[in-house]
Amino acid sequence: MYFCRMNVEPEIEQTEQPEELYDRKSFTIDQGQQPLRIDKWIQSRLEGITRNKVQNSIDAGFVSVNGKNVKSNYRVKPGDEIMVMSLINPEYTELKAENIPLDIVFEDEDLMVINKPANMVVHPGVGNYTGTLLNGVAYYLQHQNPELTEDTLPRYGLVHRIDKNTTGLIVLAKNATSAAHLAKQFFNHTVKRKYLALVWGDVEKEEGTIETHIARHQQHRKMFTAYPEGEIGKHAITHYKVLEKFYYVSLVQCVLETGRTHQIRVHMKHIGHTLFNDWEYGGDRVLKGTVYTKYKQFVDNCFEICPRCALHAQTLGFVHPRTKEELFFEAPVPADMEQVIEKWRKYAAVLGGAGRLES
């Protein structure tokens with residue numbers, strides 16, 4: 001859905017944008033409104049949108065009236081509650097189709113689920129115009145349907161994204177109706193997402209919920225920070241559960257209830273457990289452990305094995321747009337994270353046998 005265009009700060013790269021790509025705008029029809037076709041009503045209120053695009057979006061299900069989908073010839077009346085799904089930061093750039101290998105976990109006529117590798121940006125943007133996941137998706141889908149363009153399927157069905165150095169599962173729609181259905185699931189927080197994270201420190205509580213607002217850092221514009229109180233930023237909720245403890249780092253499962261920018265990274269840092277090797281948030285140095293040289297060498301070796309933020313989008317679950325069946329997918333832990341986890345597991349076993357060293 002492409003109802004509106006929002007300005008993007010030029011220095012902010014694509015990797016710092018929201019995970020969820022659709023926003024919801026609500027309108028209530030005034031009491032004095034005369035009957036008017038909904039496509040005309042929407043076009044009159046949103047700048048730079050053609051009536052044909054409005055009609056296509058209505059047909060796909062991006063518009064509802066009083067909670068129900070309608071047709072373009074529906075006539076609005078006083079008191080109607082209109083909901084419009086719209087893209088966040090469309091960033092329309094010329095998208096070049098590129099033959100990039102894709103790890104496709106599932107595909108049918110309506111959608112595809114892809115396991116994204118590390119060091120790959122999801123969508124072209126400032127500083128990343130080629131080599132992205134969507135460049136590869138465009139090439140792949142255009143070979144299935146040469147007539148397919150971003151006009152007929154905006155962003156080639158991308159409804160959410162994950163950070164450049166986060167690995168794991170992402171779902172894309174192959175038609176506009178599926179895109180609308182999936183976007184609503186993300187917006188309504190019914191999509192089930194579990195992430196695996198290696199974090200610094202011995203997480204004291206075995207499980208918990210982190211609830212704050214998240215907004216861009218006032219001094220460091222490429223970072224975000226948590227605001228426990230007040231109206232700054234957007235409401236964010238992360239549920240976590242400790243899976244294993246290795247004295248100085250912990251393996252944690254995070255379940256997203258919302259999809260804010262850098263949410264897990266910001267929330268774990270907020271409770272004092274920065275993600276392992278997350279250089280933007282200070283996790284690329286020894287934050288817990290001993291002062292011994294051998295320990296620092298061990299940590300540096302782990303950084304070399306996993307030269308990125310240790311975060312993996314492991315599980316993705318949603319309702320299929322056509323069949324209404326609940327689908328669940330799980331991506332194996334990538335080799336770099338698996339090796340580092342195993343190294344910490346062995347290190348912890350040695351410490352457990354020799355007695356725990358003081359931090």
* State whether the number of non-hydrogen atoms from other residues, nucleotides or ligands found under 6.0 Å of K194 atom NZ is greater than 12. => no
* Determine, step by step, whether V266 and M223 satisfy the side chain to side chain contact (heavy atoms under 4.5 Å, CB included) criterion, reporting the C-alpha distance in whole Å, the side-chain angles of both residues, the deciding distance to 0.1 Å, and the verdict. => CA-CA 9 Å; V266 171; M223 292 176 58; over 6 Å; no
* Taking atom types as modelled, find out whether K174 and Q144 have a side-chain donor-acceptor pair closer than 3.5 angstrom. => yes
* **Set of ring pair (Phe, Tyr, Trp, His ring centres under 6.0 Å) partners for H320, sequence neighbours left out** => none
* Structure fact -> All heavy atoms of P334 vs all of T167, minimum pair found to be CG-OG1, 3.4 Å
* To do: Tell me yes or no: between the side chains of K269 and H262, is some donor less than 3.5 Å from an acceptor?
  => no
* To do: Please lay out, stage by stage, how F303 and F276 fare under the test ring pair (Phe, Tyr, Trp, His ring centres under 6.0 Å).
  => CA-CA 8 Å; F303 287 158; F276 188 78; 4.9 Å; yes
* Asked: Run the side chain to side chain contact (heavy atoms under 4.5 Å, CB included) check on V137 and L102 step by step: do they pass?
  -> CA-CA 8 Å; V137 169; L102 301 173; 4.1 Å; yes
* Would you find more than 12 non-hydrogen atoms of other residues, nucleotides or ligands less than 6.0 Å from K294 atom NZ? -> no
* Ion pair check, K245 and E206, cut-off under 4.0 Å -> yes
* Structure fact -> By ring pair (Phe, Tyr, Trp, His ring centres under 6.0 Å), H235 pairs with (sequence neighbours left out) H213
* **Salt-bridge present (D163, R265; N to O < 4.0 Å)** => yes
* Say whether W279 and L287 are linked into one hydrophobic cluster, either directly or through other cluster members, by side-chain heavy-atom distances under 4.5 angstrom. => no
* Asked: Does the side chain of T258 come under 3.5 Å of the side chain of Q263 through a donor N or O and an acceptor N or O?
  -> yes
* Decide, yes or no, whether a salt bridge links E244 with R345 under the criterion of side-chain N to carboxylate O below 4.0 Å. => yes
* Asked: Linking I/L/V/M/F/W/Y whenever their side-chain heavy atoms sit closer than 4.5 Å, directly or via other members, would I237 and L316 fall into one cluster?
  -> no
* Asked: Does the side chain of H239 come under 3.5 Å of the side chain of E207 through a donor N or O and an acceptor N or O?
  -> no
* When the ring centroid of Y247 is compared with that of Y347, is the distance short of 6.0 Å? -> no
* To do: Would you check if there is a donor-acceptor pair between the side chains of Y240 and H267 at a distance under 3.5 Å?
  => no
* Mind listing the closest non-hydrogen atom pair of L134 and P124 along with its distance? => CB-CD, 4.1 Å
* Asked: Are a donor atom and an acceptor atom from the side chains of Q297 and Y292 found within less than 3.5 Å of each other?
  -> no
* Tell me yes or no: between the side chains of D80 and Y74, is some donor less than 3.5 Å from an acceptor? => yes
* Min side-chain heavy-atom separation L351-Y248 under 4.5 Å -> yes
* Judged by modelled atom types alone, do T28 and E81 share a side-chain donor-acceptor pair under 3.5 Å? -> yes
* Structure fact -> What one should report as the nearest heavy-atom pair of D336 and R308 is OD2-NE, 2.7 Å
* Asked: Is the CD atom of E342 crowded by more than 12 outside heavy atoms at less than 6.0 Å?
  -> yes
